[in-house]
Amino acid sequence: MTTRGFAIHFDGRPVTAAPGQSVAAALWAAGVRSWRTTRVSGAPRGLFCGVGACFDCLVTIDGVPNQRACLVPARPNQAVTTQIGTGGDRTGSTGS
Amino acid sequence: MRYDVAVVGAGPAGLAAAVTAARAGCQVVLLEAAPQFGGQFWRHRGEPGAHHRPWVGLAALRAELLARKVAYAVDAAVWFVERVDAGYRLLVTGREPVVAPRLIIATGTYDRVLPFPGWDLPGVLTPAAAQALHLAGVAPGGRVVIAGAGPYLLSVAANLLAAGVEVAGVYEAGDPRRYARRPGAVVAGKLAEAAGYVAWLARHRVPYRTRHAVVAARGTAAVTSVEVAKLDRRGRPVPGSRRVVACDALAVGYGFTPRLELPLALGCATRLDVDGNLVLDVDIAGRTSVPGVYAAGEVTGVGGTELALIEGRLVGAVVSGASGRPNPFTELELTRMLNRRASYRRLAHLAHAAHAPPAEWMSWLEPRTVVCRCEEVSAGQIQAAVTDLGATEPRTVAGLCGAGMGWCQGRICGYATATLTAHLCGRALTSADLLPFARRPIATPVTLDELARSPLK
């Protein structure tokens with residue numbers, strides 16, 4: 001199996017990902033532990049359940065908020081950005 | 001395509017059921033939400049290989065599945081099920097609906113968690129998440145604490161050690177001595193396996209403590225240490241036993257929670273299992289209370305991979321008979337499988353007793369500890385809903401303070417909110433307490449586009 005890495009972007013900086021890794025795994029490998037702040041207290045959140053059940057790892061990927069970083073595969077040149085609250089502000093939508 | 005049976009979930013139980021039914025000549029369709037076969041137990045990256053434990057069973061089942069030309073789809077999450085004239089219609093993400101006269105539910109579990117102060121800090125994750133990182137070639141941390149309850153913790157610790165990760169300690173809340181001296185080869189085999197892991201930890205000088213729990217995590221941007229305490233018989237920290245263990249990751253879980261969205265949407269009867277889980281009430285043939293709906297594996301009671309495989313084969317045979325196909329097993333084989341199932345079920349009961357979640361885990365909470373991670377509802381708010389506002393059951397608590405009503409729809413805090421509410425009301429947990437947090441007619445979140453394209457009116 002090839003393990004040649006490729007670059008994704010997290011909040012504008014390059015992060016190396018390997019084929020078959022989720023966005024969460026790639027961020028974790030780069031030392032990133034949180035990529036969302038909560039709606040009420042603004043607390044940092046990142047990976048928790050790892051299997052798509054908890055929705056703690058929600059993140060904005062290529063402008064689309066509320067994606068589960070533990071499920072979405074890392075792909076070359078993805079733009080991953082920290083999600084603030086509902087993520088509505090980032091896309092210009094009204095949120096909810 | 002006309003199918004005899006649709007199998008939902010391609011973990012050990014679903015794979016075994018699909019292969020068995022196909023062997024008997026049934027037209028089978030197998031639907032899996034993940035991008036690969038194998039479920040949580042056989043989770044792998046790329047072709048399963050050197051960095052994975054016994055995947056031989058998976059390879060054999062997968063090979064037979066392909067050889068028998070079983071229809072299957074991965075990345076295919078069933079998000080809605082309903083009764084139609086021809087049986088059951090399944091709505092599947094990104095695909096056409098699937099209709100079949102019979103269903104086999106084999107949707108498995110995810111890790112069960114209990115709240116404690118600091119459990120919402122980044123770097124605190126479930127054993128499954130730590131395992132997923134490990135399989136992706138990523139260390140969960142530089143120095144990892146593993147805690148919770150169940151034999152699973154030992155295998156996660158061994159995997160991380162083998163990958164060169166420093167494991168700061170393994171803290172088992174249960175009391176494995178409760179396996180006691182029970183007769184039976186199955187129990188003996190499992191005990192030998194656990195003893196092997198414990199010896200492996202000792203060789204690596206990793207502390208393994210039983211009747212201990214992580215009762216708090218500390219840090220600001222991420223976890224930097226945890227507080228470990230000895231537990232008394234009711235699961236409360238023994239005064240003076242707290243000590244701090246430095247770490248940059250904590251993997252913590254207390255068993256597993258079955259995924260029951262689809263059978264509950266169809267009205268299948270449930271019961272409270274010995275491990276405090278809501279599970280499907282099935283008969284010896286794997287039939288639920290709803291005609292044509294069968295279940296196998298962890299959704300009928302958490303019991304491990306071997307049990308799931310046996311149940312999958314049995315239910316595959318039962319469905320074959322119901323579909324007018326010959327039974328693929330001889331009477332002797334069936335008898336042997338029923339006996340083995342009984343042995344593994346006994347082992348599961350022993351394991352649940354030895355690794356039960358601490359009864360008074362809520363003694364670890366502070367009023368401001370988050371219980372519902374999505375809606376950021378604190379233990380104090382839940383307490384107020386019961387003691388000040390008079391709620392007597394979890395559904396009312398959820399309505400009053402929002403616990404279990406966020407993105408995860410109670411998947412994560414459902415057990416905690418239900419047991420905390422029952423405790424505050426001074427009564428034992430019932431299946432009715434857990435039901436509101438397990439019932440989700442839309443089984444997995446879908447986009448509005450998906451909803452608009454669906455045949456739902």
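Naming convention: chains lettered A, B, ... in sequence-line order (proteins, then strands); numbering from 1 in each chain.
In this structure, the side chain of B:Trp407 does not engage the main chain of A:Asp56 through any donor-acceptor pair within 3.5 Å. Of the possible polar contacts, none joining the B:Glu376 side chain to the A:Thr38 backbone as a donor-acceptor pair under 3.5 Å is found. Within the 3.5 Å criterion, the main-chain N or O of B:Cys374 finds a donor-acceptor partner in the side chain of A:Arg39.
The contact between B:Glu375 and chain A is made by backbone and side chain atoms together, counting heavy-atom distances below 4.5 Å. For chain A, no part of B:Thr257 is nearby; none of its heavy atoms comes within less than 4.5 Å. With a 4.5 angstrom heavy-atom cutoff, B:Ala139 touches chain A only via backbone atoms. Neither the backbone nor the side chain of A:Leu71 has a heavy atom closer than 4.5 Å to any heavy atom of chain B. Residue B:Ala34: no heavy atom, backbone or side chain, is found under 4.5 Å from chain A.
Interface residues of residues 111-127 of chain B toward chain A, defined by a heavy-atom distance below 4.5 Å and sorted by number: B:Val113, B:Trp119, B:Asp120, B:Pro122, B:Gly123, B:Val124, B:Leu125, B:Thr126.
Between B:Gln409 atom CD and A:Phe55 atom CZ the span is 8.5 Å, to the nearest 0.5 Å. Summarising the geometry, atom CZ belonging to B:Arg411 is positioned 10.5 Å from atom SG belonging to A:Cys54; distances are rounded to the nearest 0.5 Å.
In terms of heavy atoms, B:Ala128 sits closest to A:Val51 at CB-CG1, 4.2 Å. The shortest heavy-atom contact between A:Arg33 and B:Pro140 is NH2-O, 3.9 Å. Among all heavy-atom pairs drawn from A:Ala25 and B:Val138, the shortest one is O-CG2, 3.6 Å. When every heavy atom of B:Cys408 is checked against every heavy atom of A:Ala53, the shortest pair comes out as CB-O, 3.4 Å.
When the candidates B:Pro445, B:Ala251, B:Ala249 are compared by the number of heavy-atom contacts under 4.5 Å with chain A, B:Pro445 comes out ahead. Between chain B and the residues A:Cys57, A:Cys49, A:Gly31, A:Cys70, the largest count of heavy-atom pairs under 4.5 Å involves A:Cys49.
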